[in-house]
Enquirer: 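The structure that follows is given in the form of structure tokens.
To find a chain, count down the sequence lines: A is the first, B the second, and so on, and within it residues start at 1. Atom set for the values below is all heavy atoms of this structure, side chains included, hydrogens, waters and symmetry mates excluded. The structure presented is a predicted model; accordingly, all values stated were derived computationally and were not measured.
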Amino acid sequence: MDLCCLPDNNLLFLKRKIFPRMKKEIRRSKVKELLNSEVTGKDVLVKGWVRTKRESRNVVFIALNDGSTINNIQIVAETSEFPENLLRDISTGGCIAVTGKLVESQGKGQKVEISASAIEIYGKSDPESYPLQKKGHSMEFLREIAHLRFRTNTFGAVFRIRHTLAYAIHKYFNDKGFYYLHTPIITGSDCEGAGEMFHVTTLDLKNIPLDEKGEVDFSNDFFGTETNLTVSGQLEGELGALALGEIYTFGPTFRAENSNTPRHLAEFWMIEPEMAFYDIKDNMDLAEDFVKYLIRYILENCSDDLAFLNSNIYKGLIDRLNFVLENEFRRITYTEAIEALLSAERKWEFPVEWGRDLQAEHERYLVEQYYKCPVIITDYPKEIKAFYMKQNDDGKTVKAMDVLFPGIGEIIGGSQREEDYEKLLARIRELKLPEKDLWWYLETRKFGTAPHSGFGLGFERLMLFITGMSNIRDVIPFPRTPKNAEF
RNA sequence: UCCUCAGUAGCUCAGCAGGUUAGAGCAUCUGACUGUUAAUCAGAGGGUCGCUGGUUCGAGUCCAGCCUGGGGAGCCA
């Protein structure tokens, strides 16, 4: 490579004195490690994106971020040491590599900084059209530029936390002896009952084959049968648990509901542990321990990002997280919940009556005003819950559990599963579910059935709670919602 | 899908009872000044007022439909 100064195109400028030796020897450092390292005066190399540039007569200050931390490192460049147009071409959003000495900062606001000796511009960023400013932007605007919003402090923090949370989930289960099971994303069963599904097909949509009855003929489709994107890995997860003992799934989940709320996505990630020999109480214990572990892990490993979110996004965030750690989840039955709601001195928009499902206003009241802490509600009427939940002896309720969080609502839904073949089959017939499509599910109850339990945790809902963000579209990189699949 | 609010400069918003050339702050550009920290000061450029149609001498402003976004509800995780 030509190593001379190239003032015209500004691709490269190296200070002659120090240049020949350094180029090969210096390993790139991440901003995070430099900010945490001792000041040695040694030469370092950093690469990253320019957040801001401030100019003085003799010196230019560049705040550089490489994504390794929310904090920027300050680059100090003496104006006289660099070609004028090189410094001019460095602007917010641009990408540069900087070689220089790591020194103690003369200014306030940072302990260390880099005194630059060479700067290479990887990519300029036209300041007239670069949409991110130094000042804050609305979440709505940033959502429209999802390809660039990673470069903001907020989304940098959110997605570093998202990664760490995903890692902690795997670590928690691995350490407990759970196996990560990959359940299918394309499924032929429509019996999970968790909502509208997206069709998966290779049929020509302009010329759909029909059979004699006028129904779509799927025999010529790719799988030879009707298929959809999964709405839950639970049924397959149970198959794994009834052999491997304890498994969990963690993958994308799809719901074709026309839901337009800050808590719903058409494509989201869900964690579904499924455990043999766990009863409903074991299930609740696991759910509580799991969530607390995850919160503790983020508090311990993402403190810089949390501190930023705490002061800029949701005041009181860290207190809220600590509160959850320090308090036991309140465990009540559905019947007790109804009694609490009936004795509440306030009017309900939706009636409170045993047998009716709890509405958002009811759940919010219980969690945010009555108990003022996370609540687990169990033993719901069987009519309002799924067919696979274990029936209680009272003949009216099932061993379901919903974990409700302040501000978020339902974050976990789970149950002990019905392991009795006859009872399960009866329920399937009662609800007129497609019995023949569930043959494999039923066989697990025929051959060595076992008591078992599991739950589903909405990954993005937990992200909402942990980051303090208020819209679920801002805790997933590329949200998929009705009328929106851009990026 | 229902209810509700909103859509004006790159961003965040103001715009009165329809009435001349549509405003502010920030951003950008130019200049000044400065080891700066969301730097400061001065100046400049920048608009199909979401779209379509209607009422009117005249519409950013009123009416209708549509599109997009926010909040609430339902569905759920």
Enquirer: Could you report the tightest heavy-atom contact between A:L142 and A:R149, atom names first, then the distance?
Expert: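 That closest heavy-atom pairing would be O-CD, 3.6 Å.
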
Enquirer: Pick the C1' atom in B:rA44 and in B:rC5, then give their distance to the nearest Å.
Expert: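 Here B:rA44 and B:rC5 have their C1' atoms 37 Å from each other.
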
Enquirer: Determine the contact category for A:S129: base if any of its heavy atoms lies under 4.0 Å from a base atom, sugar-phosphate if only primed atoms, P, OP1 or OP2 are that close, otherwise nothing.
Expert: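 No contact.
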
Enquirer: Partner lookup for B:rC57, please. Criteria are Watson-Crick or G-U wobble with both distances under 3.5 angstrom; report none if nothing qualifies.
Expert: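 For B:rC57, the partner nucleotide comes out as B:rG19, under the 3.5 Å rule.
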
Enquirer: Counting side-chain heavy atoms from C-beta on, which of B:rC29, B:rA77, B:rG35 comes nearest to A:E128?
Expert: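 So the nucleotide nearest the side chain must be B:rC29.
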
Enquirer: Which whole-number value in Å describes the distance from A:K108 NZ to B:rA38 P?
Expert: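 That distance rounds to 13 Å.
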
Enquirer: Hey, does A:G456 reach any base, or is it just sugar-phosphate, or nothing, if we go heavy atoms under 4.0 Å?
Expert: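 The residue A:G456 makes sugar-phosphate contact but no base contact.
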
Enquirer: Taking it one step at a time, do A:K372 and A:E368 satisfy salt bridge (Lys or Arg N to Asp or Glu O under 4.0 Å)?
Expert: CA-CA 5 Å; A:K372 294 194 167 104; A:E368 291 164 19; over 6 Å; no

Enquirer: Looking at every strand, decide which applies to A:A360 at a 4.0 Å heavy-atom threshold: base, sugar-phosphate, or nothing.
Expert: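 Sugar-phosphate contact only - A:A360 comes under 4.0 Å of backbone atoms but never of a base.
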
Enquirer: Does B:rG69 have OP1 or OP2 under 4.0 Å away from a side-chain N or O of A:R473?
Expert: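 Checking A:R473 against B:rG69: no side-chain N or O falls below 4.0 Å of OP1 or OP2.
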
Enquirer: Look at A:Q133 and B:rG10 and indicate whether a side-chain polar atom (N or O) is within less than 4.0 Å of OP1 or OP2.
Expert: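 No.
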
Enquirer: Nearest whole angstrom, please: distance from the C1' of B:rG35 to the CD of A:Q74.
Expert: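 After rounding, the reported distance stands at 8 Å.
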
Enquirer: Please measure how far the P atom in B:rU21 lies from the corresponding atom in B:rC49, and state the result in whole Å.
Expert: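 B:rU21 and B:rC49 have their P atoms separated by 14 Å.
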
Enquirer: Quick one: A:L132 CG to B:rU12 C1', roughly how many Å, whole number?
Expert: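 So the two atoms are 15 Å apart, to the nearest Å.
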
Enquirer: At under 4.0 Å, does any side-chain N or O of A:R364 touch on OP1 or OP2 of B:rG72?
Expert: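 No, A:R364 has no side-chain N/O under 4.0 Å of OP1/OP2 on B:rG72.
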
Enquirer: For A:N58 and for A:P131, locate the closest nucleotide of RNA chain B by heavy-atom distance; then report the residue assigned to the nucleotide nearer the 5' terminus.
Expert: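 Whichever sits nearer the 5' end wins; that is A:P131.
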
Enquirer: At under 4.0 Å between heavy atoms, what does A:S105 touch on the DNA or RNA strands: base, sugar-phosphate, or nothing?
Expert: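 Result for A:S105 = base.
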
Enquirer: Rounded to the nearest Å, what distance is computed from the CD atom of residue A:E349 to the C1' atom of nucleotide B:rG72?
Expert: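 Atom-to-atom, A:E349 to B:rG72, this comes out as 9 Å.
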
Enquirer: Under 3.5 Å, is there any donor-acceptor pair linking the side chain of A:E55 to the base of B:rU36?
Expert: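 Side chain to base: no pair below 3.5 Å.
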
Enquirer: If the test is ring pair (Phe, Tyr, Trp, His ring centres under 6.0 Å), which one of A:F405, A:Y371, A:F290 qualifies with A:F329?
Expert: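 Going through the options one by one, the only one that passes is A:F405.
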
Enquirer: For a quick check of understanding: with a heavy-atom distance under 4.0 Å over all strands, which category does A:E361 fall into, base, sugar-phosphate or nothing?
Expert: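 If one applies the 4.0 Å heavy-atom cut-off, A:E361 turns out to touch nothing in the nucleic acid.
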
Enquirer: Does A:S259 make a side-chain donor-acceptor contact with the base of B:rC76, cut-off 3.5 Å?
Expert: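 Such a pair does not exist between side chain and base.
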
Enquirer: Should A:E460 and A:R162 be marked as a salt bridge (Lys or Arg N to Asp or Glu O under 4.0 Å) after you check the CA-CA gap, both sets of side-chain angles, and the distance that decides it?
Expert: CA-CA 9 Å; A:E460 284 79 14; A:R162 186 177 167 110; 3.0 Å; yes

Enquirer: Starting at the 5' end of RNA chain B and moving along, which residue's nearest nucleotide shows up first, A:E363 or A:N484?
Expert: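 The answer here is A:N484.
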
Enquirer: Any strand is fair game: report the nucleotide pairing with B:rG25 by Watson-Crick or G-U wobble, both distances under 3.5 Å, or none.
Expert: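 Result: B:rC11.
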
Enquirer: Taking any heavy-atom pair under 4.0 Å as a contact, classify A:K483: base, sugar-phosphate, or nothing.
Expert: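 Sugar-phosphate, no base atom in range.
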
Enquirer: Measure the shortest side-chain to side-chain distance between A:T397 and A:Y334 over non-hydrogen atoms and say whether it is less than 4.5 angstrom.
Expert: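 When only atoms from C-beta onward are counted, A:Y334 and A:T397 do not touch, as no gap falls below 4.5 Å.
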
Enquirer: Assess the pair A:F478 and A:H147: is the distance between their ring centroids shorter than 6.0 Å?
Expert: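 When the ring centroids of A:F478 and A:H147 are compared, they turn out to be at least 6.0 Å apart.
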
Enquirer: Please work out which of the three classes, parallel, tilted or perpendicular, describes the rings of A:F387 and A:Y441, given edges at 30° and 60°.
Expert: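 It falls in the perpendicular class, over 60°.
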
Enquirer: Any chance you could lay out the ring-ring contact (aromatic ring centres under 6.0 Å, His included) test for A:H362 and A:F350, step after step, and finish with the verdict?
Expert: CA-CA 9 Å; A:H362 306 142; A:F350 294 90; 7.0 Å; no

Enquirer: Between B:rU1 and A:N260, counting only base atoms on the nucleotide and side-chain atoms on the residue, is there a donor-acceptor pair under 3.5 Å?
Expert: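 Looking at the base of B:rU1, it does pair with a donor or acceptor on the side chain of A:N260 (distance under 3.5 Å).
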
Enquirer: Between A:I384 (CD1) and B:rG74 (P), how many Å, whole number?
Expert: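 My rounded result for the distance is 13 Å.
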
Enquirer: Is there, by distance only and without an angle test, a donor paired with an acceptor across the side chain of A:E113 and the base of B:rG35 below 3.5 Å?
Expert: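 It does, because a donor-acceptor pair links the side chain of A:E113 to the base of B:rG35 below 3.5 Å.
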
Enquirer: Assign A:F268 to base, sugar-phosphate, or nothing according to its heavy-atom contacts below 4.0 angstrom with the strands shown.
Expert: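 Base: the residue A:F268, judged by heavy atoms under 4.0 Å, touches a nucleobase.
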
Enquirer: Less than 4.0 angstrom between a side-chain N/O of A:S56 and OP1 or OP2 of B:rU36, yes or no?
Expert: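 No, outside the criterion.
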
Enquirer: Using the P atom as the reference point in each nucleotide, state the distance between B:rU28 and B:rG10 in Å, no decimals.
Expert: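 It comes out at 15 Å once rounded to the nearest Å.
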
Enquirer: When you get a sec, tell me which of B:rG72, B:rA77, B:rU34 is the closest nucleotide to the side chain of A:R57?
Expert: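 Looking only at heavy atoms from C-beta outward on A:R57, the closest nucleotide is B:rU34.
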
Enquirer: Rounding to the closest angstrom, what is the interatomic distance between B:rA22 and B:rU8 at atom C1'?
Expert: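 It works out to 8 Å between them.
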
Enquirer: Heavy atoms under 4.0 Å, any strand shown: does A:Q110 hit a base, just sugar-phosphate, or nothing?
Expert: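 Base contact - A:Q110 has a heavy atom under 4.0 Å of at least one base atom.
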
Enquirer: Send over the distance from A:M197 CE to B:rA77 P, rounded to a whole Å.
Expert: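 Nearest whole value for this atom pair: 13 Å.
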
Enquirer: Which value, in whole Å, describes the distance between the P atoms of nucleotides B:rA24 and B:rG15?
Expert: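 To the nearest whole Å, 15 Å.
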
Enquirer: Distance check, P atoms only: B:rC51 and B:rG7, in whole angstrom units.
Expert: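 Pairwise P distance, B:rC51 against B:rG7, rounds to 13 Å.
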
Enquirer: Any side-chain N or O of A:R54 less than 4.0 Å from the OP1 or OP2 oxygen of B:rA39?
Expert: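 For B:rA39, OP1/OP2 do have a side-chain N/O of A:R54 under 4.0 Å.
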
Enquirer: Would you measure the distance from the P atom in B:rC63 across to the matching atom in B:rG18 and give it in whole Å?
Expert: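 The same atom, P, in both gives a distance of 10 Å.
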
Enquirer: Has the side chain of A:E144 got a donor or acceptor that lies under 3.5 Å from a partner of the other kind on the base of B:rU68?
Expert: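 Counting by modelled atom types and ignoring angles, no donor-acceptor contact under 3.5 Å is found here.
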
Enquirer: Going by ring centres under 5.5 Å and near-parallel planes (under 30°), is A:F459 stacked on B:rA77?
Expert: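 A:F459 vs B:rA77: stacking no.
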
Enquirer: For A:F268, does the six-membered ring have the charged nitrogen or CZ of A:R255 within the cation-pi criterion, i.e. under 6.0 angstrom from the centroid and within 45° of the normal?
Expert: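 No cation-pi geometry.
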
Enquirer: For B:rG71, take OP1 and OP2 only and decide whether either is under 4.0 Å from a side-chain N or O of A:N471.
Expert: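 Yes, because at least one side-chain N or O of A:N471 sits under 4.0 Å from OP1 or OP2 of B:rG71.
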
Enquirer: Within the modelled atom types, does a donor on one side and an acceptor on the other bring the side chain of A:R263 and the base of B:rC75 under 3.5 Å apart?
Expert: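 No, no donor-acceptor pair under 3.5 Å.
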
Enquirer: Select one nucleotide: of B:rG74, B:rA77, B:rG35, the one nearest the side-chain heavy atoms of A:E410.
Expert: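 Per side-chain heavy atoms of A:E410, the pick is B:rA77.
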
Enquirer: Provide the Watson-Crick or G-U wobble partner of B:rC66, both distances under 3.5 Å; none if there is no partner.
Expert: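 Partner of B:rC66: B:rG50.
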
Enquirer: Which atoms form the tightest heavy-atom contact between A:K382 and A:E430, and what is the distance?
Expert: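 Looking at all heavy atoms of both residues, the shortest contact is NZ-OE2, 4.3 Å.
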
Enquirer: If you look at every strand shown and take non-hydrogen atoms under 4.0 Å, does A:I412 touch a base, only sugar-phosphate, or nothing?
Expert: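 If one applies the 4.0 Å heavy-atom cut-off, A:I412 turns out to touch the sugar-phosphate alone, with no base involved.
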
Enquirer: For A:F141 and B:rG70, give me the distance from atom CZ to atom P, rounded to whole Å.
Expert: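 About 15 Å, once rounded to whole Å.
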
Enquirer: Return yes if the base of B:rC11 and the side-chain atoms of A:H137 contain a donor-acceptor N/O pair under 3.5 Å, otherwise no.
Expert: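 Between B:rC11 and A:H137, which were checked side chain against base, a qualifying N/O pair under 3.5 Å is absent.
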
Enquirer: For B:rA73, what is the paired nucleotide under Watson-Crick or G-U wobble rules, both distances under 3.5 Å?
Expert: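 B:rU1 - that is the nucleotide pairing with B:rA73, both distances being under 3.5 Å.
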
Enquirer: Give A:E140 one of three labels, base, sugar-phosphate or nothing, depending on what nucleic acid heavy atoms sit under 4.0 Å from its own.
Expert: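 Sugar-phosphate, backbone atoms only, no base.
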
Enquirer: Without decimals, in angstroms, what is the distance between A:L142 CG and B:rG10 P?
Expert: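 Rounded to whole Å, this separation is 17 Å.
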
Enquirer: Could you measure between the two C1' atoms, the one in B:rA17 and the one in B:rG60, and give it in whole Å?
Expert: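 Comparing C1' positions in B:rA17 and B:rG60 gives a spacing of 15 Å.
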
